[in-house]
Amino acid sequence: MKIYPTNEIKNIALLGSKGSGKTTLAESMLFECGVIKRRGSIEAGNTVSDYFPVEKEYGYSVFSTVFNAEFNGKKLNVIDCPGADDFVGNAYTALGVCDTGLITINAEYGVEVGTQNIFRTTAKLQKPVIFALNQIDGEKADFDNVIEQMRETFGPKVTIIQYPLQCGPGFNSMIDVLLMKKYEWGPDGGVPTISEIPEDQMERANELHNALVEAAAENDETLMDKYFEQGHLTEDEMREGIRKGLIDRSILPVFVVSALKDMGVRRMMEFLGNVCPFVSDMPAPHTVTGEEVKPDSNGPLSLYFFKTSVEPHIGEVAFFKVMSGTLTSGADLENVSRGGKERLSQIYTTCGQIRTAVDKLEAGDIGAAVKLKDVRTGNTLDAKGCEYQFDFIQYPAPKYIRAIKPANEADSEKLMGILTRMHEEDPTWVVEQSKELKQTLVKGQGEFHLRTLKWRIENNEKLPIEFSEQKVPYRETITKASRADYRHKKQSGGSGQFGEVHLIIEPYTEGMPEPDTYKFGNQEFKLNVRDKQEIPLEWGGKLIVYNCIVGGAIDARFIPAIVKGLMDRMEQGPLTGSYARDVRVMIYDGKMHPVDSNEISFRLAGRHAFSEAFRNANPKILEPIYDVEVLVPGDTMGDVMSDLQSRRALIMGMESENGIEKLNAKVPLKEMASYSTALSSITGGRSSFSMEFSGYELVPGDVQEKLLKEYHEADDED
C-alpha cells in the first residue's frame, strides 16, 4: 500500500441507529474501492465488519471495525460503529480519533432517537457531519418527509446534495445538485449512467443548487463576494466552501444511497475523497497538560491507542492513531501512561480481520500492532524525548448493572482476569468489586450489552457465569435525638474487661449549633464540649463526635477506642447492615476500672451504646435517587410515563426536543434494575435514557418495613 502524507488522509466514523444499514454500506464502500471483489451480507455472515462469533450469532454489530480504502488518490480510514444504543461507547471512541461523522438514516424510519443521540455526540465534540439517507428503495421510504424531520431536528443547516426521482422499490435514479447531473442505475446497481437533468426537474434542481451555492459561499468572504458578482461558483470553489462549512458545522450535507443495491455509494465516496476535511484541516487535539499537538509528520513521534481487540487465533490487536511524527516498523517507544518500553516490530493497516503490513505511517493515519507487552486502551506511546500524553475520549456513564460470579467459586480469579481484558476491548464494560455490597459488579449500557458479555465469556472462554441483581447501597440515619449507655464487663480469670459509655446521638446537618442541653423524660443533660472530631465518611455524609466527659470519668486515652466502636456501627448500620451517615455523638459520661479497662472494652461499650441509641432515634433507611432523562417517540410517551410512575418515579418535567419527547424524572435506583429492558420493550427499541446520581432520600414507610423484614429473614438464615 502507498504511504499517504497527512494532507491526503481522511478519518471517518460510520455511525447510525440500529437497522440503518451501516454494515451493508461499509461493504459497498469497500467494493467500490476495490478492496473486496464481492459484497458480503449480514444474513450470510460474511461481511468485513461483523466477523466476531458473537456478531454472527446475534446478527448485529457489537464492536467497531476499522477499515481503510484508497479512493481517487486519497486514503480513507473508516471506523464502522454498532448502531444499538447498548454499544454507543464505540461511537465515542471513533469520533475521538476521526474527523468526520458519516451518519446513516433509514429512509423508512427517518430520524430516530439513536440518530439524535449520535448527532448530540458529534455536536459535543464539534465534528463535521454528513448524512447518508439509506434504504431509499424501502417500501415505506419517503425522502421529503425525512428531510422535513431532519430540518425540524437538526435545523436549517441540513443541505440537500441529492434527491431521488422516485422512492421505494422503484428507486433507480437521482439528481445531484452539486454536479447538476442525473445518475441512473440498472437493476444490479454499481456504475451509474450520468446524464443531463431532465427538463421537468430543472426548476427543483436549480432551486436546490442555488441553496447549496449560498450555503457554500457563506463560509468564505471571498467566495461570497464572487457569488454576488457572478451569480455562481465553480465546482472547486463550491467544494472549498462546503469543506469549510463542514468544519464549522454550518452545512450538514445529505446524500441518497441504496447500500444494498450499491446505488449512489460511489458518488458519495467521491464527495468523501474530494470534499470531506483532511486530518490537517481539523482543529489540533490537546494533551492532558493543554498543549496543542498538530498532526505534523516531521514532529516528535507520538501514538494514541484508542482500541484493543482480541482476535481469533492472534490475540490482542492494539489500534492507534499517529498523533504526531512518522512511525516506522521496529520503532522503540516509551509508554508514558504506564511506564515501560515497547517495540513495534511490525505495523499494519487493517480492513476488518485482514491486516496488511506497512513500513511506515505518517501523522494522522490509523494503524494496528500485535503482541505488545503492556499497552492498554487510552495509553500514549512516545519516542524518546517526547512527553505528549492524550486522554480525550470520555465515555457515557453505565446504566445497567448486574452482579456477576462464576458458577464455580474456584474460578473467581480467572473471571476477574477475563473481565479486565474485556474492559480493554470495550471501556463501557465497567467492573467494580464492591466492598460495601460484597458483590462483583459489571456495568454496561443496557441488557443486550451485558448479555453479549455473558455470551462471550461462556462461549469463547468456556466459563459458566451467573448474573443477579445488584444489591442497593442503602444508607441508614436517624431523625431524632436519643440517649443510651452500655457497660461492657467480662471476667474470666486474671485481668478482665471493663468499660462503660454514656452517650447522646442526634441527626447531623451542616451549620447546626454546637450541642448544649438535652432533655429525655424528666432528666436534663447539660453538656460541656471539651473536644470535637469531624469525620467525613467515604460513602457520603459525616460522623461528628464530641468529647463531653467531665471529672475524668473516662480517661482521654480511651476516646479513640470509643470512636472506633462508633465507626464499627457506622460501617454496618443497626437496621440492615448498610452504611450509616449524618450522625453526631456526644460522649458525656461513663466509668472505667483501674485494672480491667482497656481499648477493646471501650470499643465494645461504644459500639453497643451507639446501636441502642440508634434504634431509639427513630432510624430511617435512605435510598439512592437518580436523575433520569428519557428520550422517546411521542406515540409511546404515555406508556413510558405510566411505567416510570409504577417505579415510584417523581416526574420533574416534560418537553419536546426536535420532534422527540424528553421526560425528566427522579427515580430510586432499586426501581431501575430492569428499566433498560422494559423501556426497549415498551418503545420497540426506539428510545434511550441516561441516569446520573442525584442523592439520598428517605424510603417510604412500607418500603422500609419490607427491607427490614428481608434483612432479618436473611440474617436468620445465615
F320 ring center near F306 ring center (under 6.0 Å):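 No, too far apart.
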
Within the side chain of [X], is there an N or O that forms a donor-acceptor pair under 3.5 Å with the backbone of [Y]?
| X | Y | value |
| --- | --- | --- |
| T115 | V111 | no |
| E424 | T377 | yes |
| R249 | V129 | no |
| K127 | L95 | yes |
| K294 | A284 | no |
| W185 | G190 | yes |

Any side-chain heavy-atom pair of [X] and [Y] under 4.5 Å:
| X | Y | value |
| --- | --- | --- |
| L327 | L303 | yes |
| I161 | V254 | no |
| Q445 | D85 | no |

Side chains of [X] and [Y]: is there a donor and an acceptor less than 3.5 Å apart?
| X | Y | result |
| --- | --- | --- |
| S28 | R39 | yes |
| S258 | D137 | yes |
| T289 | Y388 | no |
| Y163 | Q201 | yes |
| N77 | D365 | yes |
| S20 | N106 | no |
| T380 | Q389 | no |
| D426 | H449 | yes |
| D382 | S302 | yes |
| S297 | E362 | yes |

Below 4.0 angstrom, N of the basic side chain to O of the carboxylate: do K75 and E70 qualify?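 No, this pair does not count.
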
Distance to the ring centre below 6.0 angstrom and angle to the axis at most 45 degrees; does that hold for K307 and F319?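 Checked: cation-pi criterion met.
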
Kindly confirm or rule out a cation-pi arrangement of K2 over Y4, judged by NZ or CZ under 6.0 Å from the six-membered ring centre and within 45° of its axis?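 Satisfied, under 6.0 Å and within 45°.
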
Check G21 against A259 and note the closest heavy-atom contact, atom names and distance.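 Scanning both residues, the minimum pair turns out to be O-CB, 4.4 Å.
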
For the pair E207 and R204, evaluate salt bridge (charged side-chain N to carboxylate O under 4.0 Å, His left out) and give the outcome as yes or no after the intermediate values. CA-CA 5 Å; E207 181 183 341; R204 184 181 186 188; over 6 Å; no

State which residue, out of M29, E27, K22, fulfils the side chain to side chain contact (heavy atoms under 4.5 Å, CB included) condition with D80.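 Of all the options given, the one that passes is K22.
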
Starting at CG of N68, measure out to OG1 of T349 and round the result to the nearest 0.5 Å.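 So the CG of N68 and the OG1 of T349 are separated by 4.5 Å.
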
Which distance, rounded to the nearest 0.5 Å, do you find between the CG of L333 and the CG of L301?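 These two atoms lie 5.5 Å from each other.
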
Under the criterion salt bridge (charged side-chain N to carboxylate O under 4.0 Å, His left out), I'd like the reasoning laid out for R267 against D176: C-alpha separation, chi angles, the key distance, then a yes or no. CA-CA 9 Å; R267 170 66 189 117; D176 188 302; 2.6 Å; yes

